[in-house]
Colleague: 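Sharing a structure here in structure tokens format.
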Number of protein chains: 2
Amino acid sequence: MLPRKIADSTVRRLAIYLRFLEEFQRQGQATVASDALAQRAGTTSAQVRKDLSFFGSFGTRGLGYDVVPLADRLREILGLGHRHRVAIIGAGRLAAALVDYTGFSARGFEIVAVVDRDPARIGAVLAGLTIEDVADLEHVVRRGEVEIAILVTPAGPAQALVDRLVAVGITAILNFAPVQLQVPEGVDVKNVNLAVELETLSYALSARAAT
Amino acid sequence: MLPRKIADSTVRRLAIYLRFLEEFQRQGQATVASDALAQRAGTTSAQVRKDLSFFGSFGTRGLGYDVVPLADRLREILGLGHRHRVAIIGAGRLAAALVDYTGFSARGFEIVAVVDRDPARIGAVLAGLTIEDVADLEHVVRRGEVEIAILVTPAGPAQALVDRLVAVGITAILNFAPVQLQVPEGVDVKNVNLAVELETLSYALSARAAT
DNA sequence: CCTCGCTCGTGAAACCTTTCACAAATGCTC
DNA sequence: GAGCATTTGTGAAAGGTTTCACGAGCGAGG
């Protein structure tokens with residue numbers, strides 16, 4: 001059903017296409033051409049068609065793609081058919097911003113637990129969830145049948161926490177800590193590193209200035 | 001001085017190497033081999049050497065790289081020699097998390113202004129900065145000699161704000177809004193899209209389950 | 001001061017991703 | 001129902017990035 005190996009860049013674009021398909025759907029458009037999708041997504045029509053072709057062929061020649069069925073299929077491909085249960089590790093300001101972000105639940109990601117190490121935070125309520133003790137991490141993850149962990153801790157404890165998460169069976173981690181996590185085969189980590197993003201912008205500024 | 005075109009992936013790795021070099025420096029290590037750096041950064045020694053080779057050759061054969069000079073050179077390459085002034089557009093929770101993040105100032109990024117549209121927020125103080133009216137965006141950017149804008153608004157107003165930022169000369173934007181921004185040649189945008197990250201993790205979960 | 005072991009620097013090869021270009025297929029119009 | 005305009009699906013080509021492999025150069029140690 002799913003082909004062997006799909007490039008990460010392709011998967012990211014599929015997620016972006018899905019967003020625009022949903023927009024087209026809201027606007028009542030029934031079909032959309034690869035070119036229209038490409039323009040919105042900042043890519044080319046050939047890229048769109050190639051990306052989709054990895055999973056079959058859903059277009060109609062001369063017309064384009066039917067918006068609703070394509071969106072459904074993309075959701076299926078991306079595994080958004082069921083809700084994913086997410087735990088947030090660390091209850092600082094970034095965690096507060098994340099639980100607040102309505103986009104999560106709108107797209108099927110449900111935050112079921114927040115843990116922290118700081119006794120001053122444990123017991124407090126964040127967006128309806130009581131912050132729990134990170135000491136109970138394993139219990140919290142099992143109880144919530146958590147699939148995805150979002151790590152928003154300082155760099156120091158990050159690796160140890162990941163080791164514990166992996167040990168209880170977590171295989172998908174979104175990491176905001178500025179460290180390169182070591183994980184075994186079969187565990188996926190996506191890093192979001194604000195410092196790296198800013199530094200690439202800084203590089204771009206310098207590179208332009210040097211020209 | 002700077003070579004033609006450096007891949008984005010290379011620049012990102014340089015930023016990561018820099019982080020580890022600083023760690024080695026704190027630990028008092030004088031030299032480091034490409035292999036040690038590679039292991040920490042999750043890549044290969046050949047990759048490290050290739051990345052560095054684009055900018056010259058700073059290693060000593062048989063020995064490795066001198067930690068301090070290499071770190072200095074990387075900072076220079078990345079344009080971290082002087083502080084960058086940053087404005088934050090949008091004063092929601094994510095903005096609060098960002099101004100709070102000490103990593104910014106530690107790495108030479110200084111937040112000089114925060115603006116928002118909401119009258120209820122304007123005038124409030126966030127980490128020592130008074131939130132200003134987004135209507136005065138152009139004035140704020142000029143006054144602060146802002147180089148980098150961080151966009152943390154909802155998707156709706158994002159493009160219009162970017163147009164205004166570009167018009168006042170901003171050429172580097174870090175975008176957290178879940179839209180694909182259209183900018184003219186010569187303006188750099190880095191996107192951080194939490195929904196896309198989560199959806200790629202969701203895909204990875206499905207793809208593994210299907211195997 | 002010669003040899004040895006180590007690690008860099010780098011062209012070449014392998015691999016992967018994107019772009020191109022065009023045949024094939026569809027809907028629409030007349 | 002034939003012809004036309006349109007847009008998909010996809011091999012092939014181009015372009016880009018990573019890995020390989022090895023010569024070159026350096027320091028250490030005798």
Side-chain angles (χ1 to χ4, degrees), chain A residues 3-17 20-21 24 29-71 73-74 77 180 196 200 203-204 207, chain B residues 3-17 20-21 24 29-71 73-74 77 180 196 200 203-204 207:
Chain A
R4 284 145 284 272
K5 192 70 188 96
I6 297 297
D8 186 63
S9 51
T10 294
V11 177
R12 303 179 82 84
R13 280 192 300 267
L14 293 181
I16 290 171
Y17 302 154
F20 290 114
L21 284 171
F24 283 128
Q29 289 213 13
T31 64
V32 63
S34 60
D35 195 52
L37 219 42
Q39 283 193 344
R40 302 294 189 101
T43 179
T44 66
S45 61
Q47 182 78 79
V48 172
R49 295 198 301 276
K50 185 64 102 181
D51 286 340
L52 296 177
S53 77
F54 291 126
F55 299 93
S57 74
F58 341 97
T60 310
R61 295 175 189 219
L63 205 69
Y65 300 90
D66 287 338
V67 169
V68 174
L70 181 58
R73 185 74 177 94
L74 284 187
I77 290 167
Q180 225 58 26
V196 169
T200 58
Y203 171 81
Chain B
R4 289 142 282 272
K5 192 70 188 101
I6 297 296
D8 187 63
S9 52
T10 294
V11 177
R12 303 179 84 84
R13 281 192 300 267
L14 293 180
I16 291 170
Y17 301 155
F20 290 115
L21 285 171
F24 283 129
Q29 289 213 14
T31 64
V32 63
S34 60
D35 195 51
L37 218 42
Q39 282 193 346
R40 302 294 190 101
T43 179
T44 66
S45 61
Q47 182 78 79
V48 172
R49 295 198 300 276
K50 184 65 100 181
D51 287 340
L52 297 176
S53 77
F54 291 126
F55 299 94
S57 75
F58 340 97
T60 311
R61 293 172 191 222
L63 205 69
Y65 300 90
D66 288 339
V67 170
V68 174
L70 182 57
R73 184 75 177 94
L74 285 186
I77 290 167
Q180 224 58 25
V196 169
T200 59
Y203 171 81

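Quick note on labels: first sequence line is chain A, next is B, and so on, each numbered from 1. Please read all numbers here as calculations on a predicted model, not as lab measurements.
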Colleague: Restricting to non-hydrogen atoms, name the atom on B/S34 and the atom on B/V48 that form the minimum distance, rounded to 0.1 Å.
Modeller: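 Looks like O-CG2, 3.8 Å.
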Colleague: Taking atom P of C/dC16 as reference, at what distance in whole Å does atom CG of A/D51 sit?
Modeller: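 Rounding to the nearest Å, CG of A/D51 and P of C/dC16 are 17 Å apart.
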Colleague: A/L70 has an atom CG; how far is it from atom P of D/dT7, in whole Å?
Modeller: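 Those two atoms, CG and P, are 16 Å apart.
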Colleague: Counting the atoms with a prime plus P, OP1 and OP2 as sugar-phosphate, which does B/S9 contact under 4.0 Å by heavy atoms, base, sugar-phosphate, or nothing?
Modeller: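 Counting heavy atoms under 4.0 Å across all strands, the contact made by B/S9 is with sugar-phosphate only.
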Colleague: Is the shortest heavy-atom distance from the side chain of A/V68 to the side chain of A/L21 under 4.5 Å?
Modeller: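 The answer is no; the side chains never approach within 4.5 Å.
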Colleague: Taking only the side-chain heavy atoms of A/Y65 (C-beta and beyond), determine which of D/dT8, D/dT19, D/dC22 contains the nearest atom.
Modeller: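 Of the options given, the side chain of A/Y65 lies nearest D/dT8.
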Colleague: Please report the C-alpha distance between B/F20 and B/V32 in whole Å, then the side-chain angles of each, then the deciding distance to 0.1 Å, and finally whether the side-chain contact (heavy atoms from CB on, under 4.5 Å) criterion is met.
Modeller: CA-CA 10 Å; B/F20 290 115; B/V32 63; over 6 Å; no
Colleague: Nearest whole angstrom, please: distance from the P of D/dT17 to the CD1 of B/I6.
Modeller: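 Checked: the CD1 to P distance equals 10 Å.
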Colleague: Would you say D/dT19 has OP1 or OP2 under 4.0 Å from some side-chain N or O of B/T44?
Modeller: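 Answer is yes, contact under 4.0 Å.
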Colleague: Less than 4.5 Å apart, side chain to side chain, heavy atoms only: is that true for A/Y203 and B/T10?
Modeller: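 No, too far: nothing below the 4.5 Å cut-off.
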Colleague: Between the base of D/dT8 and the side chain of A/R61, is there any donor-acceptor pair under 3.5 Å?
Modeller: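 Such a pair is found, so the answer is yes.
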Colleague: Toward the 5' end of DNA chain C, which comes first, A/Q47 or B/L63, by nearest nucleotide?
Modeller: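 Of the two residues, B/L63 wins.
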Colleague: What is the distance, rounded to the nearest whole Å, between atom CG of B/L52 and atom P of D/dT17?
Modeller: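 Atom-to-atom, B/L52 to D/dT17, this comes out as 17 Å.
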Colleague: Under 4.0 Å between any heavy atoms, over every strand shown, what does A/S45 touch: base, sugar-phosphate, or nothing? Just pick one.
Modeller: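 The residue A/S45 makes no contact with any strand.
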Colleague: Does B/S57 place a side-chain N or O at less than 4.0 Å from the phosphate oxygens OP1/OP2 of C/dC8?
Modeller: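 No, outside the criterion.
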Colleague: Can you tell me how far C1' of C/dT18 sits from CG of A/D8, to the nearest Å?
Modeller: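 After rounding, the reported distance stands at 16 Å.
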Colleague: Do B/R49 and B/Y65 come within less than 4.5 Å of each other through their side chains, counting heavy atoms only?
Modeller: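 Yes, side chains in contact.
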Colleague: Return the value, rounded to whole Å, for the distance between atom CZ of B/R13 and atom P of D/dG16.
Modeller: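 Computing the B/R13:CZ to D/dG16:P distance gives 16 Å.
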Colleague: On DNA chain D, compare the nucleotides closest to A/G64 and A/K50; which residue's is nearer the 5' end?
Modeller: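 It is A/G64 whose nearest nucleotide is closer to the 5' end.
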Colleague: Would one find a side-chain N or O of B/R49 under 4.0 angstrom from OP1 or OP2 of C/dC8?
Modeller: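 True: B/R49 side-chain N/O within range (under 4.0 Å) of C/dC8 OP1/OP2.
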Colleague: Would you say a side-chain N or O of B/S53 is under 4.0 Å from OP1 or OP2 of C/dG9?
Modeller: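 It does not, given that no N or O in the side chain of B/S53 lies less than 4.0 Å from OP1 or OP2 of C/dG9.
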Colleague: Provide, to the nearest angstrom, the distance between the CG atom belonging to B/D35 and the P atom belonging to C/dG9.
Modeller: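 In whole Å, C/dG9 P and B/D35 CG are 14 Å from each other.
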Colleague: Starting from C1' on D/dG9, measure out to CZ on A/F58 and report it in whole angstrom.
Modeller: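 Interatomic distance, CZ of A/F58 to C1' of D/dG9: 11 Å.
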